[in-house]
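One-based numbering along the sequence shown.
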Amino acid sequence: MRKLFLVFFFVCFVENLFPQDSSYIAEHYTKHEYQIPMRDGVKLFTAIYAPKDTTQDYPILFLRTPYTIAPYGANNLNRYLGPSKSFITDGYIFVYQDVRGKFMSEGEYVNMRPFIPEKKSSTDVDESSDTFDTIDWLIKNLRHHNGKVGMWGISYPGFYAAMGTINAHPNLVAVSPQAPIVNWFVGDDMHHNGALSLLMTFDFFTVFGLPRPEPTTDWGNGFDAPSPDAYNFFLNLGPLKNVNEKYFKKNISFWNEVTQHGTYDKFWQKRNTFPHFNKIKPAVLTVGGWYDAEDLYGTFHTYQSIEEKNPEAFNKIVVGPWIHGGWNRTKGNELNAISFNSNTSEYYQDSIEFPFFNYYLKGKSSLALPEALIFITGSNEWRKFDTWPPKNSVAKNLFITQGNKLSFEKSTKNTFDEFVSDPNKPVPYTAKQLDSRAFYNREYMIEDQRFAATRPDVLVYQTEVLKDSLTIIGPIEAELYVSTTGTDADWVVKVIDVFPDSAENPKPNPQQYEMGAFQQLIRGEIMRGKFRNSYEHPEPFKPGEVTKVKLTLQDVAHTFLKGHKIMVQIQSSWFPFFDRNPQTFCDIYNADEKDFQKATHRVYHSEKYPSTFTINVLKEK
């Protein structure tokens with residue numbers, strides 16, 4: 001079950017799920033397979049689908065992936081080609097490659113293989129050099145191409161696409177990194193601010209991390225968890241060191257490395273991509289989704305890093321109301337109980353992605369993309385901006401005040417709210433009961449939060465009813481003044497849109513959603529408290545001492561409509577999406593059961609300790 005689910009999940013980022021005609025592919029394309037040599041002699045397995053019509057030349061669209069380019073065999077054709085359905089009939093040469101060390105490619109696989117800025121010999125290889133060498137071979141050996149190459153990829157393939165822009169081959173002219181990974185300790189996939197994404201990381205490496213001693217077409221076999229209930233499975237797992245003792249048995253080499261690097265040391269730093277986006281030559285279109293639980297951080301930081309280092313480059317960003325990869329495999333018209341009033345994925349594919357590649361690879365028509373094309377949730381509208389974040393916004397502070405209120409005015413009383421955090425009864429990240437083998441609830445980032453608001457270990461604050469609509473845009477900054485009876489703690493901040501009691505239910509409503517007083521999660525983030533001042537040098541809390549904790553919630557673009565309220569929830573666990581904090585200052589990867597202790601946490605709100613949330617409010621013309 002685990003293997004089948006994860007294979008389906010990974011293949012989603014090689015193939016799109018919009019229907020294509022497999023008979024059309026067989027009729028119009030010829031497939032060839034090659035072992036393409038890299039500068040160090042390692043050969044990478046590559047499948048090429050070339051148009052049978054050789055009366056014209058075609059551009060090359062190139063995807064590199066660790067998730068298999070199956071089906072293998074020159075007579076076994078893929079059911080899908082290209083980023084979306086439009087590309088197949090327009091005529092492209094489609095190139096798919098197993099990256100170094102995965103499936104049928106030779107060599108050793110390295111997760112987020114670090115970039116080598118100064119290569120001194122042919123043995124100094126990375127994903128940038130492998131991309132360069134492959135494109136060089138394609139240009140020199142393929143026939144009927146027009147000399148122009150484009151790349152795209154979602155998630156891990158998005159990382160490979162982004163790395164291809166660095167020291168790019170001169171024939172690589174257009175690249176679209178989509179939900180690319182950039183930093184596995186600070187904000188993407190594996191960790192957020194040092195807190196481990198337990199559920200996702202465990203399920204991912206159960207299959208993806210299996211050893212591959214020689215080239216193969218097979219994924220290998222993971223194991224079936226003994227409990228179908230994710231919350232109970234991971235709670236019963238106990239401390240993180242039990243992952244190896246009970247399940248991995250030290251067979252997942254990358255997990256072994258991770259457990260030895262519990263701080264932001266050189267192991268993680270050298271896997272941080274955004275210092276390296278210098279002198280970018282190809283046109284870049286970065287794409288992401290507001291409800292991407294995996295790589296929204298990578299989306300914005302890839303764009304921002306390229307923008308800062310290459311102000312003259314063609315560098316654009318598109319963000320829509322999508323889960324991870326949703327622009328490729330869903331209609332994008334709704335999510336959970338929320339409708340977006342249009343098929344946003346179709347609009348993106350037909351009006352943005354396809355014209356982008358056609359313009360740069362074929363010179364067709366004109367291209368009028370804004371710097372940032374952003375879908376505003378709440379009001380459900382696409383907006384164009386000259387910068388991201390937009391300059392036409394004003395920062396406003398929301399303060400916690402007495403009576404569980406949020407106000408634009410500071411509290412006048414010196415007070416605090418407190419709760420008991422018990423690592424053995426962590427706050428669930430979702431109300432949905434999920435199989436422990438099912439990766440995670442992809443809709444949790446837009447889920448109704450009433451299930452959490454009723455818990456005694458969740459603090460809840462909200463504004464009065466809004467008299468006018470208010471659009472917030474860009475990152476949200478939280479500054480909390482806290483104390484704890486322990487020596488470590490996680491701090492989770494969730495920003496929520498509270499619907500009025502009179503809100504109408506969806507029509508039709510097969511899931512029986514009740515929208516009156518619905519608490520829609522807009523953005524949430526976690527900070528592992530010991531990293532509050534430095535990811536490299538963690539610090540314990542002094543029990544009972546008021547301490548400032550700052551965290552940045554990833555970007556948003558959301559309109560709180562007139563009649564709604566803004567709510568903030570604060571808690572100290574978000575389980576099992578993130579691992580439990582023992583609330584004892586220690587190496588959590590190697591902690592013992594005795595290290596997990598109850599603690600009482602306080603959040604202060606006063607003139608001296610003004611716990612604050614800074615939002616950027618869009619100024620409408």
Side-chain angles (χ1 to χ4, degrees), residues 66 99-101 108-118 124-128 155-156 158-160 162-163 166 177 179-205 208-209 240-241 243-244 248 250 252-278 292-302 304-305 309 488 490-491 525-540 550-552 554 577-581 585-591:
V99 298
R100 179 184 293 256
E108 177 189 3
Y109 185 71
V110 177
N111 272 289
M112 286 197 76
R113 186 184 301 273
F115 175 69
I116 303 173
E118 297 182 10
D124 288 339
V125 294
D126 52 31
E127 305 306 341
S128 174
S155 194
Y156 225 146
F159 159 78
Y160 294 108
M163 298 308 289
I166 303 171
I181 305 164
V182 300
N183 190 309
W184 261 357
F185 192 85
V186 177
D188 284 318
D189 295 294
M190 282 198 70
H191 298 85
H192 280 218
N193 297 310
L196 174 70
S197 304
L198 174 61
L199 172 60
M200 185 163 56
T201 299
F202 181 91
D203 276 349
F204 182 80
F205 283 103
F208 188 77
L240 287 179
K241 67 178 185 178
V243 169
N244 257 334
F248 287 0
K250 296 190 179 297
I252 308 297
S253 60
F254 191 69
W255 176 260
N256 299 336
E257 291 182 283
V258 167
T259 60
Q260 300 305 311
H261 297 278
T263 64
Y264 192 53
D265 58 13
K266 290 183 179 179
F267 176 82
W268 297 112
Q269 292 171 16
K270 67 184 182 181
R271 286 172 166 79
N272 175 15
T273 67
F274 44 85
H276 306 302
F277 290 114
N278 300 298
D292 183 348
E294 300 175 42
D295 299 309
L296 182 59
Y297 180 90
T299 296
F300 282 107
H301 283 78
T302 296
Q304 289 166 352
S305 180
K309 297 176 178 64
D488 194 10
D490 288 347
W491 301 96
E525 192 55 274
I526 188 170
M527 167 62 75
R528 182 132 290 170
K530 65 181 181 182
F531 295 121
R532 63 194 180 277
N533 295 321
S534 169
Y535 295 122
E536 299 172 65
H537 306 292
E539 303 171 38
K550 298 181 70 173
L551 69 154
T552 300
Q554 296 184 42
F577 198 92
F578 294 100
D579 69 316
R580 299 175 300 150
N581 190 319
F585 184 75
C586 62
D587 174 6
I588 296 178
Y589 280 109
N590 297 288

Between [atom1] on residue [X] and [atom2] on residue [Y], distance to nearest 0.5 Å:
X	Y	atom1	atom2	value
Phe531	His537	CZ	NE2	11.0 Å
Ile252	Phe204	CD1	CZ	11.0 Å
Leu196	Ile588	CG	CD1	9.5 Å
Glu539	Arg532	CD	CZ	5.5 Å
Thr552	Asn193	OG1	CG	7.5 Å
Thr299	Glu294	OG1	CD	11.0 Å

Under 3.5 Å, is there a donor-acceptor pair between the side chain of [X] and the main chain of [Y]?
X	Y	answer
Lys530	Gly194	no
Asp188	Asn183	yes
Arg271	Trp268	no
Glu127	Tyr160	no
Gln269	Tyr264	yes
Asn256	Lys250	yes
Asn278	Pro275	yes

Run the ring-centre check on Phe254 versus Trp184 and record whether the distance is less than 6.0 Å. yes
Can you confirm if the aromatic rings of Phe208 and Tyr156 lie within a centre distance of less than 6.0 Å? yes
Looking only at heavy atoms, what is the nearest atom pair of [X] and [Y], with distance?
X	Y	result
Thr201	Asp189	OG1-O, 4.5 Å
Gln554	Glu525	NE2-OE2, 3.4 Å
Ser305	Phe277	OG-CD1, 3.6 Å
Ala591	Cys586	CB-SG, 3.9 Å
Thr259	Asn590	O-ND2, 3.4 Å
Gly298	Thr302	O-OG1, 2.7 Å

Ion pair present between Asp579 and Arg528, side-chain N to carboxylate O less than 4.0 angstrom?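 Salt bridge between Asp579 and Arg528, a charged N being under 4.0 Å from a carboxylate O: yes.
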Stepwise, does the side-chain contact (heavy atoms from CB on, under 4.5 Å) test hold for Val182 with Tyr297? CA-CA 8 Å; Val182 300; Tyr297 180 90; 3.7 Å; yes
Is [Y] close to [X] at the side-chain level, that is, under 4.5 Å between some pair of heavy atoms?
X	Y	value
Phe577	Met200	yes
Asp490	Phe578	no
Val125	Arg100	yes
Trp255	Asn244	yes
Asp295	Ser155	yes
Phe585	Pro538	yes
Met163	Asp126	no
Phe202	Phe248	yes

So Met190 and Phe185, side-chain contact (heavy atoms from CB on, under 4.5 Å) or not? Walk me through it. CA-CA 7 Å; Met190 282 198 70; Phe185 192 85; over 6 Å; no
Suppose we screen for side chain to side chain donor-acceptor pair (under 3.5 Å). Which residues come up paired with His191, at least two apart in sequence or across chains?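 Here the qualifying residues are Tyr589.
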Just one of Ile166, Thr273, Asn272 clears the side chain to side chain contact (heavy atoms under 4.5 Å, CB included) bar with Phe115, so which one?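 Option passing the side chain to side chain contact (heavy atoms under 4.5 Å, CB included) with Phe115: Ile166.
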